[in-house]
K.L.:
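Before I ask anything, here is the structure I am working with.
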2 protein chains.
Amino acid sequence: MNPTSQDETRVDDLAEVFRVMGDANRLRILVLVLDRLRPVGEIAAATGLSQSLVSHNLGRLRASRLVRAERRGKQVFYVAADQHVRTVLRDMLEHIGEVDRPGPPLGRA
Amino acid sequence: MNPTSQDETRVDDLAEVFRVMGDANRLRILVLVLDRLRPVGEIAAATGLSQSLVSHNLGRLRASRLVRAERRGKQVFYVAADQHVRTVLRDMLEHIGEVDRPGPPLGRA
DNA sequence: CATTCATGTGAACAATTGTTCATATAACAT
DNA sequence: ATGTTATATGAACAATTGTTCACATGAATG
């Protein structure tokens with residue numbers, strides 16, 4: 001039960017996933033494909049980022065399995081990989097939304 | 001409803017939180033204080049990191065409100081700030097654990 | 001096949017970030 | 001007040017990372 005074998009690897013992998021999410025551009029991209037399948041070009045247009053940068057970032061997101069790709073003809077569509085991704089984003093938004101005092105906005109987020 | 005005012009700020013803040021979690025050392029620290037109040041010295045000992053580095057990292061974690069501090073005499077104890085933090089870690093571990101094949105646990109998500 | 005459209009990728013550079021070292025602050029004890 | 005223990009912080013440097021540019025790949029169409 002040496003703590004420096006499997007758990008450590010897990011922590012490293014986990015850190016890697018968060019690191020990928022820890023960039024505003026990638027996060028915007030992730031939000032765009034959160035519940036909708038979108039082609040790369042549309043993502044580039046919607047974010048105002050260069051096609052190259054979007055592609056690089058999608059590559060990172062895909063490498064961490066945060067999104068998955070699906071080719072249809074010339075275009076490649078991306079979408080959030082699973083429910084966990086959506087849940088995590090929702091949870092973190094709630095986390096951020098919390099102030100020290102009670103009394104959150106009361107309307108839906 | 002201009003998308004470049006409040007939502008963008010939110011995304012930036014969100015990215016910041018993930019960026020803080022996107023470092024293996026900070027993540028280890030976060031796990032250590034996940035459900036237990038621990039003094040800085042103990043965290044340094046448990047992780048093998050220098051006191052200074054632990055302190056810097058706890059500062060970042062605290063700045064993102066991922067942990068909160070509580071002083072007791074000379075020592076300062078840290079603990080995960082709220083339930084969202086625990087939930088997010090759990091969700092992401094599940095995310096990582098997933099293989100490409102289908103066949104999820106079949107219980108409710 | 002050559003061309004066009006959509007996306008991917010390597011290399012280089014700029015910018016950000018982690019880590020250390022030295023020192024500061026804070027609480028307690030003598 | 002001085003000393004000791006515990007934690008925090010600023011500055012400097014090393015390492016990592018984001019972004020661009022030029023070009024490669026892949027799929028459709030004439």
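Naming: A, B, ... by sequence-line order, numbering from 1 per chain.
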K.L.:
Look at the rings of B:H95 and A:H84 and say which category their plane angle falls in: under 30° parallel, 30 to 60° tilted, over 60° perpendicular.
P.N.:
perpendicular
K.L.:
Rounding to a whole Å, what distance do you find between B:F18:CZ and C:dT16:C1'?
P.N.:
20 Å
K.L.:
Residues two or more places apart in sequence or in another chain: which of them pass salt bridge (charged side-chain N to carboxylate O under 4.0 Å, His left out) with A:D13?
P.N.:
none
K.L.:
Grab the N/O contacts between the protein and nucleotides 18-24 of chain C below 3.5 Å, and write none if there aren't any.
P.N.:
unit_1, atom_1, unit_2, atom_2, d
C:dG18, OP1, B:R26, NH1, 3.4
C:dG18, OP1, B:R26, NH2, 2.4
C:dG18, OP2, B:R60, NH2, 2.9
C:dT19, OP1, B:N25, ND2, 2.9
C:dT19, OP2, B:N25, ND2, 3.3
C:dT20, O4, B:H56, NE2, 3.4
C:dC21, N4, B:S52, OG, 2.8

K.L.:
Mind listing the closest non-hydrogen atom pair of A:A69 and A:Y78 along with its distance?
P.N.:
CB-CE2, 3.6 Å
K.L.:
Going by salt bridge (Lys or Arg N to Asp or Glu O under 4.0 Å), name the pairs with one or both residues in residues 44-56 of chain B, residues two or more places apart or in two chains.
P.N.:
none
K.L.:
Kindly write out the residues that satisfy salt bridge (charged side-chain N to carboxylate O under 4.0 Å, His left out) with B:R86, not counting sequence neighbours, or none if the list is empty.
P.N.:
none
K.L.:
Taking side chain to side chain contact (heavy atoms under 4.5 Å, CB included) as the definition, give me every residue that meets it alongside B:R19, ordered by chain and number, with sequence neighbours left out.
P.N.:
B:A15, B:E16
K.L.:
Starting at CD of B:Q75 and ending at P of C:dC28, how long is that distance when rounded to a whole Å?
P.N.:
11 Å
K.L.:
Could you state whether A:L58 and A:V79 fall into the same hydrophobic cluster, counting links through intermediate Ile, Leu, Val, Met, Phe, Trp or Tyr residues with side-chain heavy atoms under 4.5 angstrom apart?
P.N.:
no
K.L.:
Are B:V40 and B:F77 connected into the same hydrophobic cluster when the rule is that any two of I, L, V, M, F, W, Y join if their side-chain heavy atoms are below 4.5 Å apart?
P.N.:
no
K.L.:
Reckon B:Y78 has a side-chain N or O less than 4.0 Å from the OP1 or OP2 of D:dA6?
P.N.:
no
K.L.:
When you check every protein heavy atom under 4.0 Å of nucleotides 24-30 of chain D, what one-letter string (B, S, -) results, 5' to 3'?
P.N.:
---SS--
